[in-house]
Structure formats: C-alpha cells, structure tokens
Amino acid sequence: MKILIIEDEESLAKILKMGLKKEGITADYVLDGELGQKRLELYHNDYDAVVLDLMLPKKNGLEVLKAIREQNVSVPVLILTAKDSVADKIALLDAGADDYLVKPFNFSEVLARLRALTRRPENVLPTELRIDDLVLVPKTKIVTRGGKEIKLTLKEFRLLEYLMRHPDQALERENIFSNIWDFQSNSFSNIVDVYINRLRSKIDSNGNRKLLETVQGIGYKLKSTV
Ligand code: CA
C-alpha cells in the first residue's frame with residue numbers, strides 16, 4: 001500500500017510518513033497544493049490513497065481535490081482540516097472527498113480511516129496468494145514454500161506480495177520501484193536488483209522450481225506455470 005501525503009507542515013508530514021512506515025505502508029509527501037496536484041495527475045496509479053491538508057500554499061486542498069476529480073482521478077482522498085463547520089464538511093464531500101479528519105487527530109485515527117478507504121469492494125484482498133507451492137498470507141505476513149516458512153524483511157515481503165499480485169507479467173524495474181519504495185529514494189534499478197536477488201536466494205533455493213525470472217531489458221516476473 002502506498003499513500004501520498006499533501007501537507008505543508010513538514011513536521012506533521014514526516015510524523016505521518018514515519019507512522020505509516022512502521023505499519024509497512026510506504027508514503028511520499030509533498031509540501032504544497034500545486035506539487036500535490038501534479039503528482040496525482042502523473043502518478044495517481046501509484047497511490048492507494050491520499051492524505052490531503054486543506055490549508056496549503058499555492059493551491060488549497062479543495063482546489064486540488066476538485067481538479068483531480070474533474071480529471072477522473074478516483075484515488076480515495078482523506079482530508080485533514082483545521083476547520084470544523086458543517087458547511088465545510090458538506091463542501092468537501094461534494095467536491096469528492098472520501099473522508100475527513102479534524103486536526104488535531106491521533107495517528108491511530110488516520111490509520112483506521114486509511115484502512116477503511118482502501119478496503120473498498122474492488123480492492124478486497126484475497127486471504128492468501130499462491131504460486132506453485134509458494135504461499136503468502138497478506139494479513140499475517142507469513143510466507144511459506146513447500147510448507148516451510150521463509151523469513152523475509154518487510155521490504156522483501158512487500159516486493160514478493162507485489163510480484164505475486166501480478167503473476168506472469170514482466171514487471172519493469174521502474175514500476176516495481178515506484179510501487180514499493182518512497183518516491184524520494186534514488187538509484188532505483190540498483191535497489192530493485194539487490195532486493196530481487198535477496199528474495200530469489202530465499203524463495204528459489206533448495207532445488208525448488210525457479211519462480212522468479214529475469215526478463216532481459218525489462219525487469220522481473222514471477223512464473224505461475226512452467
Ligand atoms: Ca496546512
């Protein structure tokens with residue numbers, strides 16, 4: 001899961017990012033409305049939800065929200081607002097917000113709202129992902145191959161989950177990177193290669209059928225069939 005935070009209070013944006021990171025959720029943040037809108041226009045497919053502050057420099061949250069909805073960007077949006085009037089809330093929902101939180105709020109509320117927003121029917125997660133004898137359970141974060149548990153770091157787990165959700169597709173390094181890592185991270189192709197190699201050594205060792213395949217000039221794919 002990946003979240004975009006549009007919030008000009010950088011300290012708050014950082015707290016949110018760190019809090020989400022602890023939950024295994026990747027987040028990017030931008031500090032003004034104009035940048036936020038541009039990011040969403042170009043990269044909305046990379047994000048599962050947006051946390052959008054209302055009072056922002058350059059373009060306020062409501063303007064950003066209206067602009068992206070006009071362009072049919074349908075990513076769920078959680079509004080952060082310091083205001084507390086009923087009229088504002090209705091205006092927000094009319095403009096296409098999915099939910100809102102009034103500042104100050106607890107991090108646990110943000111997390112709960114984001115979970116609810118990303119739990120839409122079309123996004124219902126299967127209870128387990130299976131390719132050959134490789135099984136990944138998103139909820140418990142347990143991965144097994146041939147019934148034997150494989151210990152993965154959180155990033156390795158996210159990477160494998162992403163690959164398993166797109167079986168038999170040649171996934172580009174850039175695509176893998178933008179779905180798993182922060183936007184600010186650099187030298188993506190190298191990071192992806194390093195993690196793929198670690199993952200490969202964990203899931204494709206011990207004489208098992210090799211599932212993780214390098215696609216020359218593109219990236220990687222997880223093969224469901226021989
Ligand atoms: Ca603000």
Side-chain angles (χ1 to χ4, degrees), residues 1-120 122-123 154-155 158 174-175 177-188 191:
M1 183 148 99
K2 193 169 179 183
I3 306 289
L4 177 65
I5 301 163
I6 308 174
E7 165 63 76
D8 58 316
E9 267 177 74
E10 193 165 14
S11 54
L12 176 58
K14 279 185 176 162
I15 288 169
L16 288 172
K17 182 184 163 95
M18 292 309 295
L20 291 168
K21 195 174 180 180
K22 279 187 195 151
E23 301 294 321
I25 300 168
T26 304
D28 297 328
Y29 65 81
V30 292
L31 300 171
D32 72 61
E34 227 168 67
L35 280 176
Q37 184 179 327
K38 271 191 195 136
R39 179 69 64 89
L40 284 173
E41 284 168 358
L42 293 172
Y43 300 106
H44 57 92
N45 285 330
D46 287 352
Y47 296 105
D48 299 286
V50 178
V51 175
L52 176 62
D53 185 33
L54 271 196
M55 304 292 275
L56 289 169
K58 295 191 182 170
K59 210 163 210 188
N60 71 43
L62 196 56
E63 291 173 309
V64 173
L65 180 62
K66 282 181 175 165
I68 62 161
R69 293 303 191 226
E70 268 166 24
Q71 294 173 60
N72 294 320
V73 173
S74 62
V75 61
V77 173
L78 171 64
I79 297 282
L80 302 181
T81 172
K83 299 177 182 176
D84 195 18
S85 80
V86 175
D88 280 335
K89 289 172 187 169
I90 291 169
L92 286 177
L93 298 174
D94 280 349
D98 296 270
D99 203 351
Y100 57 86
L101 267 178
V102 177
K103 291 178 177 179
F105 47 78
N106 293 322
F107 178 73
S108 57
E109 290 179 272
V110 178
L111 195 59
R113 303 291 175 98
L114 286 176
R115 289 234 160 95
L117 287 185
T118 53
R119 208 184 292 131
R120 294 171 160 194
E122 66 269 28
N123 292 342
L154 194 53
K155 276 285 189 247
R158 294 284 164 212
E174 289 85 344
N175 186 341
F177 176 80
S178 70
N179 275 280
I180 312 289
W181 278 273
D182 302 355
F183 207 84
Q184 286 90 350
S185 308
N186 43 33
S187 67
F188 59 83
I191 293 180

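Order of appearance sets the numbers: ligands from 1, and atoms from 1 within every ligand.
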Sequence neighbours left out, cut at 3.5 Å: what donor-acceptor pairs do the side chains of residues 60-68 make with other protein atoms?
| from | atom 1 | to | atom 2 | distance (Å) |
| --- | --- | --- | --- | --- |
| Asn60 | OD1 | Leu62 | N | 3.0 |
| Asn60 | OD1 | Glu63 | N | 2.9 |
| Glu63 | OE1 | Asn60 | N | 2.9 |

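Salt bridge Arg39/Asp46: absent, no basic N to carboxylate O contact under 4.0 Å. Ion pair Arg115/Asp99 not flagged as a salt bridge, since none of the NZ, NE, NH1 or NH2 atoms sits closer than 4.0 Å to an Asp/Glu carboxylate oxygen.
Excluding water, every protein N/O/S atom under 3.0 Å from the Ca ion (ligand 1) is given here by residue and atom: Asp8 OD1, Asp53 OD2, Met55 O.
Annotation: side chain of Lys103 is not in contact with side chain of Met55 (no heavy-atom distance under 4.5 Å).
Glu70 is linked by a side chain to side chain donor-acceptor pair (under 3.5 Å) to nothing, counting only residues two or more places apart in sequence or in another chain. Under the rule for a side chain to side chain donor-acceptor pair (under 3.5 Å), the partners of Gln37 that lie at least two apart in sequence or sit in another chain are Glu41, Lys59.
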